Amino acid sequence: MRTRNLSILFACSALCLPAIAKEKLPTAQQRFGGETEKAESPSFRRHVVPLASKLGCSGRECHGSFQGRGDFQLSLFGYDFAKDHKAITADKEHRIRVDRESPEKSLFILKPTKQIKHKGGEVYEEGSWEHNVMLKWIQEGAKIDVKETGEFGRLELFPKEIVFKKAGESIQLKVLAHWADGTVEDVTEFTRFRTNDESVAEVHEGGLVESKSRGDSHVVAFYDNG
């Protein structure tokens with residue numbers, strides 16, 4: 001996985017932040033929220049796979065485990081696009097994960113929204129932007145587009161350093177993905193975050209970093225397969 005580190009310090013000095021990126025790029029909610037028909041067309045590589053990773057679907061505790069879950073196995077955190085696409089779209093008898101004729105009836109859609117029994121519980125709400133990404137991808141043919149998207153370039157994380165003044169303060173991170181074709185996207189909501197020391201700083205699912213105690217740590221951002 002390509003990762004980028006963010007240094008976090010806790011000191012009795014004033015809050016110090018570098019300039020935030022100038023790009024006013026739309027968020028995932030703005031791009032894919034609302035009515036499915038009006039949402040942008042999602043990409044398997046840029047959106048579907050990272051979102052499944054961020055939601056934990058391809059994590060070690062779920063379908064990314066060595067044996068998978070419920071006869072459904074994904075590569076760990078989406079490192080193998082071809083394998084994952086085949087696993088998602090290959091129909092099993094009486095267990096159609098992707099139904100191109102009736103996308104809304106796909107197991108890939110029904111289980112995460114808990115419209116049918118799912119051991120993993122509700123992963124996202126029906127009608128949410130996450131739901132729209134997965135549903136619209138199937139509606140548009142459930143295609144793999146690794147070659148079309150080209151090579152992944154680099155990941156930018158803002159701010160690059162945070163100096164917290166006291167416990168309880170928080171800062172929202174912003175993550176930009178740069179692709180070889182020149183495309184730049186705000187992928188904050190598609191990114192997994194991890195902190196090296198939760199006693200110093202906690203990072204929430206959406207990239208909000210909260211100071212906990214004196215010390216220093218890093219936050220690591222994960223997006224795409226490098």
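These numbers were taken from a predicted model, which means no experiment stands behind them. Just so it is clear, the values below take in all heavy atoms, side chains as well, and ignore hydrogens, waters and symmetry mates.
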Using side-chain heavy atoms (C-beta onward) and a distance below 4.5 Å, is F44 in contact with K143? no
Closest non-hydrogen atom pair between R46 and P50, with its separation: O-CG, 3.3 Å
Using the six-membered ring of F158, assess whether NZ or CZ of K160 lies under 6.0 Å from its centre and within 45 degrees of the ring axis. yes
So do the side chains of V200 and K212 get within less than 4.5 Å of each other, counting heavy atoms only? no
Less than 4.0 angstrom from a charged side-chain N to a carboxylate O is my criterion; do R31 and E185 meet it? yes
Minimal non-hydrogen separation, T188 against G206, with atom names: CG2-O, 3.6 Å
From L135 CG over to E104 CD, what is the distance, rounded to the nearest 0.5 angstrom? 7.0 Å
Identify the heavy atoms of V187 and L176 that sit nearest to each other, and give their distance. CG2-C, 4.3 Å
Roughly how far apart are Q139 CD and N132 CG, rounded to 0.5 Å? 8.5 Å
Residue pair D224 / W179, side-chain heavy-atom distance below 4.5 Å: yes
Give, for atom CD of E189 and atom NZ of K54, the distance between the pair rounded to the nearest 0.5 Å. 6.5 Å
Minimal heavy-atom distance between R45 and V146, with the atoms involved, is NH1-CG1, 3.8 Å
Working for side-chain contact (heavy atoms from CB on, under 4.5 Å), residues H47 and F32: CA-CA 10 Å; H47 307 124; F32 303 104; 3.9 Å; yes
Identify the two heavy atoms, one from T89 and one from A142, that lie closest to each other, and give their separation to 0.1 Å. CG2-O, 4.0 Å
Might you point out which heavy atoms bring K166 and S211 nearest each other, and give the distance in Å? O-OG, 2.7 Å
Any donor and acceptor pair, going by atom type alone, linking the side chain of H85 with main-chain N or O of F81 inside 3.5 Å? no
Answer yes or no: are there more than 12 heavy-atom neighbours, outside E40 itself, under 6.0 Å from its atom CD? yes
Donor-acceptor pair, side chain of T36 and main chain of K136, under 3.5 angstrom: no
We want to know whether E130 and S128 form a side-chain donor-acceptor pair, criterion being a heavy-atom distance below 3.5 angstrom. yes
Hey, does the side chain of W129 reach the backbone of G34 with a donor-acceptor pair shorter than 3.5 angstrom? no
Are R194 and V203 close enough, and set up right, to give a side-chain contact (heavy atoms from CB on, under 4.5 Å), and what steps lead you there? CA-CA 7 Å; R194 176 176 59 79; V203 59; 5.7 Å; no
pair M134-V48: side-chain heavy atoms closer than 4.5 Å: yes
Quick one: do the S106 and D99 side chains pair a donor with an acceptor below 3.5 Å? no
Looking at CZ of F164 and CG of D216, how far apart are the two atoms once the value is rounded to the nearest 0.5 Å? 13.0 Å
Can you confirm whether V98 sits close enough to P103 that some side-chain heavy atom of one is under 4.5 Å from a side-chain heavy atom of the other? no
With sequence neighbours excluded, what pairs up with E198 under the side chain to side chain contact (heavy atoms under 4.5 Å, CB included) test? T195
Can you measure from CG (L155) to OG1 (T191) and round to the nearest 0.5 angstrom? 6.0 Å
Output the distance between atom OG (S53) and atom OH (Y223), rounded to the nearest 0.5 Å. 11.0 Å
Is it the case that the side chain of E169 and the backbone of V163 share a donor-acceptor pair, with hydrogens and angles ignored and the cut-off at 3.5 Å? no
